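All ligand and atom numbering here is 1-based and tracks the order in the structure. Source: prediction; values computed, not measured.
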Amino acid sequence: MRRYLRVVLLCLACGFCSLLYAFSQLAVSLEEGAADAGGKPQAAAASWPAAGGRGAERGAGPGADAGTPDRCKDFTLCYWNPYWMLPSDVCGMNCFWEAAFRYSLKIQPVEKMHLAVVACGERLEETMTMLKSALIFSIKPLQFHIFAEDQLHDSFKARLDSWSFLQTFNYTLYPITFPSENAAEWKKLFKPCASQRLFLPLILKEVDSLLYVDTDILFLRPVDDIWSLLKKFNSTQIAAMAPEHEEPRIGWYNRFARHPYYGKTGVNSGVMLMNMTRMRRKYFKNDMTPVRLQWGEILMPLLKKYKLNITWGDQDLLNIMFFHNPESLFVFPCQWNYRPDHCIYGSNCQEAEEEGIFILHGNRGVYHDDKQPAFRAVYEALRNCSFEDDNVRSLLKPLELQLQKTVHTYCGKIYKIFIKQLTKSVRDLYDRPPKQR
Ligand SMILES: *[C@@H]1O[C@H](CO)[C@@H](O)[C@H](O)[C@H]1NC(C)=O
Ligand SMILES: *[C@@H]1O[C@H](CO)[C@@H](O)[C@H](O)[C@H]1NC(C)=O
Ligand SMILES: *[C@@H]1O[C@H](CO)[C@@H](O)[C@H](O)[C@H]1NC(C)=O
Ligand SMILES: *[C@@H]1O[C@H](CO)[C@@H](O)[C@H](O)[C@H]1NC(C)=O
Ligand SMILES: *[C@@H]1O[C@H](CO)[C@@H](O)[C@H](O)[C@H]1NC(C)=O
């Protein structure tokens, strides 16, 4: 029985090989025909072994040098032409190899976007809404890293597994953890949940880049768009955040902080994009020792020095860190991290007024009370919406009506910026081919 199987396998393999051979012969003969017609048979013949043998690296071979660099055009032309319709200036053999090469590219995994969140206390619903907003609009697959208190794990698992039909994401649940060396000390010094995210580069050692968001974030456009900012980092930048304030007169750090902070008004860490490979490699300037320290070494001394002076926990530590290393921070505009501060005393985020809000950040609990009904309306619309196609589209109209009821507040006065980008994202979603939705 086994021998029989082996024979069959062998035959299949032979069949496949002869098919390959037949194809390459066909390609060669087609080419030779074309070459004869072109009147340069020798040059054409000389280029075959080089092109065929080296596969995708054609052009570098001796045959190509000796022969006709201009005759065999770029591969990419092949994409549009089956073998029997090759334009006379493209080498059939190259197309053959290119097809194989393209196939192997295709089966390689697509780049994933990594999204991390830390959820403690009563944050399950809010976190699920954030994750949902990320999934609705995003294009590339997402990998969620969810750090949560133990008692939340079962509920997260149940809710996320109910979305598994989507196939565009994976998730890992982690307990709140610290790197082993001085875990106890950290737990004692600082609220565990608040400082968790500082350790992400050390815990997620295998992950190159990560988008960290607070639980009260809502994505109003694809995660892909903020993810693409990673490619805009210059050689010294390792992380990206938005300013804490646009308007220094109402800024917190510049009026009250008792520690150094980045830039004019500090940065807000609710949406933080990190190239963690670079964070792990960098040696940071600091005001504790004359030597530069790595991420893992700097946190503890920093906390010890400033613990009596910091108010907003980990965000303050990040501000101190980037005060000393300003060349390492990429600052993105306020529409990527839009908070009540940008409108409660009048609108001060100009980019959002022009292009709409890209990422909404309902800090100070505004999704759950009645202080900022415009923020709450967007949250509830997304919380109530499910993944069914028309459901997403049909959230817009009721949301707009809801927002129109908030025009008595400063944020409601400019309610149009809350749905400007959202409307566009929904439209793009339906314009995409269905398999990508
Ligand atoms: C999620 O993980 C499973 C198993 O590790 C894998 O088979 C699947 O392709 C992954 N899905 C995505 C979207 O990455
Ligand atoms: C903490 O704040 C106090 C009062 O403003 C200041 O005197 C002190 O230098 C600060 N400590 C550090 C480490 O900056
Ligand atoms: C992060 O930085 C490393 C080292 O500079 C680089 O190799 C990698 O491509 C960067 N990641 C992204 C997503 O740009
Ligand atoms: C990268 O950009 C930052 C902020 O604009 C700047 O301070 C830094 O000098 C730049 N680095 C390089 C190598 O140009
Ligand atoms: C969302 O659902 C809740 C309860 O299911 C309902 O009370 C509320 O009116 C809905 N809100 C919106 C904006 O659809």
Nitrogen or oxygen of Asn309 less than 3.5 angstrom from that of ligand 2: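 Between Asn309 and ligand 2 (N or O atoms, distance only) the closest approach is under 3.5 Å.
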Close residues, ligand 4: non-hydrogen atom nearer than 4.0 Å: Asn234, Ser235, Thr236, Gln237, Glu327
Distance only, no hydrogens: is a donor on one side chain within 3.5 Å (strictly under) of an acceptor on the other, for [X] and [Y]?
{"X": "Tyr367", "Y": "Asp369", "value": "no"}
{"X": "Gln315", "Y": "Glu244", "value": "yes"}
{"X": "Asp161", "Y": "Tyr171", "value": "yes"}

Note: [X]-[Y] ion pair, threshold 4.0 Å (strictly below):
{"X": "Lys424", "Y": "Asp428", "value": "yes"}
{"X": "Arg123", "Y": "Glu149", "value": "no"}
{"X": "Glu125", "Y": "Lys132", "value": "no"}

Residues forming a ring pair (Phe, Tyr, Trp, His ring centres under 6.0 Å) with His361, sequence neighbours excluded: none
Per-atom contacts of ligand 2 with Lys305, taking only distances under 4.0 Å to non-hydrogen atoms: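 Under 4.0 Å from Lys305, ligand 2 has these atoms: 13 (C).
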Close-contact set for ligand 2 against Tyr306 heavy atoms, below 4.0 Å: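 So the atoms of ligand 2 that pass are 12 (C), 13 (C), 14 (O).
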Any N or O of Asp208 closer than 3.5 Å to N or O of ligand 3: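 Min N/O separation from ligand 3 is below 3.5 Å for Asp208.
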